[in-house]
Every structure is written in structure tokens, then in C-alpha cells.
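Both backbone and side-chain heavy atoms feed into the values below; hydrogens, waters and symmetry mates do not. Just so you know, residue 1 is the first one in the sequence shown, and it goes up from there.
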Amino acid sequence: MPSYQQLLDQKEELDRLIAQAQKKESAEALSTVRQLIKEFGFTAQQVFPWAEEKKAKVAVKYYDPNTGSKWTGRGKPPSWIAGKDYSQFLLPTQQPVDTKPEILLW
């Protein structure tokens with residue numbers, strides 16, 4: 001059975017060989033990728049797609065008829081509504097549309 005030191009030496013040699021193989025194969029892979037990008041004219045977006053953050057729009061809840069200003073009800077209240085009764089500026093809400101078909105059981 002090999003000694004502890006011999007095993008450590010073998011491990012060190014294997015680590016060196018692994019690093020060498022990884023460097024060689026990654027260079028080959030990068031070369032292949034570059035060649036394919038050039039051959040097919042891929043863009044960065046196609047190769048590395050990133051999703052643009054799409055923030056969900058928040059419905060307007062409050063409206064000032066005097067100025068036409070709108071407010072969603074989130075964040076600091078604007079001056080035209082601050083300290084006043086919000087209900088007088090509240091927009092009528094729309095009823096959600098029922099998209100489920102009615103199922104009749106008889």
C-alpha cells in the first residue's frame with residue numbers, strides 16, 4: 001500500500017494533469033464556439049440571451065380631475081392628494097372578466 005506522502009504526490013501530479021487537460025480542452029471549445037459564431041453570424045443576444053426585466057404595470061387607482069394627474073396608490077402620496085380623503089379621487093374599478101365557461105349540471 002502506498003504511503004500517505006506517495007498518495008499526496010500522486011494527487012499533486014493528477015491535479016497538474018487535470019489542469020493541463022482542462023486548459024487545452026477549454027481552448028479548443030472556445031475556438032469551436034468562435035468559429036460557429038462567425039460561420040452563422042450569431043449575435044451576443046442569441047449566444048447569451050438575457051431577459052430584460054419587465055416590471056408589471058400597476059393600475060392607476062386615483063385621479064385628480066383638476067390637473068389630470070394620476071397615482072397608483074403606491075409610494076409617497078403626491079401633493080394633490082396628500083392629507084385629503086382618498087375616496088374622492090378613487091377611480092371606479094373594472095369588474096374582472098370571467099373567462100371560465102359556465103358548466104351546467106342537470
Side-chain angles (χ1 to χ4, degrees):
M1 173 172 229
S3 71
Y4 175 69
Q5 188 57 47
Q6 289 172 328
L7 290 172
L8 286 177
D9 292 341
Q10 288 175 1
K11 179 185 179 297
E12 189 175 304
E13 178 63 17
L14 281 175
D15 288 341
R16 188 183 64 74
L17 291 173
I18 289 169
Q20 237 178 0
Q22 192 268 342
K23 184 177 179 179
K24 179 182 178 238
E25 290 181 27
S26 67
E28 290 171 359
L30 184 58
S31 175
T32 301
V33 168
R34 286 183 176 153
Q35 183 265 327
L36 290 171
I37 289 172
K38 186 177 180 179
E39 182 178 335
F40 292 100
F42 291 129
T43 65
Q45 174 66 20
Q46 289 172 310
V47 176
F48 302 104
W50 58 86
E52 293 185 25
E53 281 189 40
K54 294 182 181 178
K55 294 184 179 181
K57 293 200 175 202
V58 179
V60 174
K61 286 176 77 174
Y62 303 98
Y63 175 77
D64 181 9
N66 297 330
T67 63
S69 298
K70 300 172 187 169
W71 182 48
T72 62
R74 292 187 176 182
K76 184 178 175 182
S79 60
W80 57 265
I81 198 171
K84 298 177 184 165
D85 179 22
Y86 289 13
S87 64
Q88 65 184 0
F89 298 99
L90 195 59
L91 287 173
T93 59
Q94 295 178 350
Q95 295 298 321
V97 178
D98 186 13
T99 58
K100 296 179 185 177
E102 188 174 319
I103 300 173
L104 299 174
L105 300 175
W106 50 83

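- For residues 10-21, every residue pair satisfying the salt bridge (Lys or Arg N to Asp or Glu O under 4.0 Å) rule, not counting sequence neighbours, is listed here: K11-D15, E13-R16.
- In this structure, the ring of F89 has its center no less than 6.0 angstrom from the ring center of W71.
- Considering all non-hydrogen atoms of both residues, S26 and K23 come closest at OG-O, 3.0 Å.
- Cluster membership for V47 and F40, using ILVMFWY side-chain heavy atoms within less than 4.5 angstrom, is shared.
- The closest donor-acceptor contact from the side chain of T32 to the backbone of E28 lies under 3.5 Å.
- Hydrophobic clustering (side-chain heavy atoms under 4.5 Å, transitive across Ile, Leu, Val, Met, Phe, Trp, Tyr) groups F42 together with V33.
- Within the 4.5 Å cutoff, side-chain heavy atoms of L90 are placed close to those of Y62.
- W80 and S69 get closest at one heavy-atom pair: NE1-CB, 3.3 Å.
- Nearest heavy-atom pair, D85 versus Q88, reported as atom, atom and distance to 0.1 Å: O-CG, 3.0 Å.
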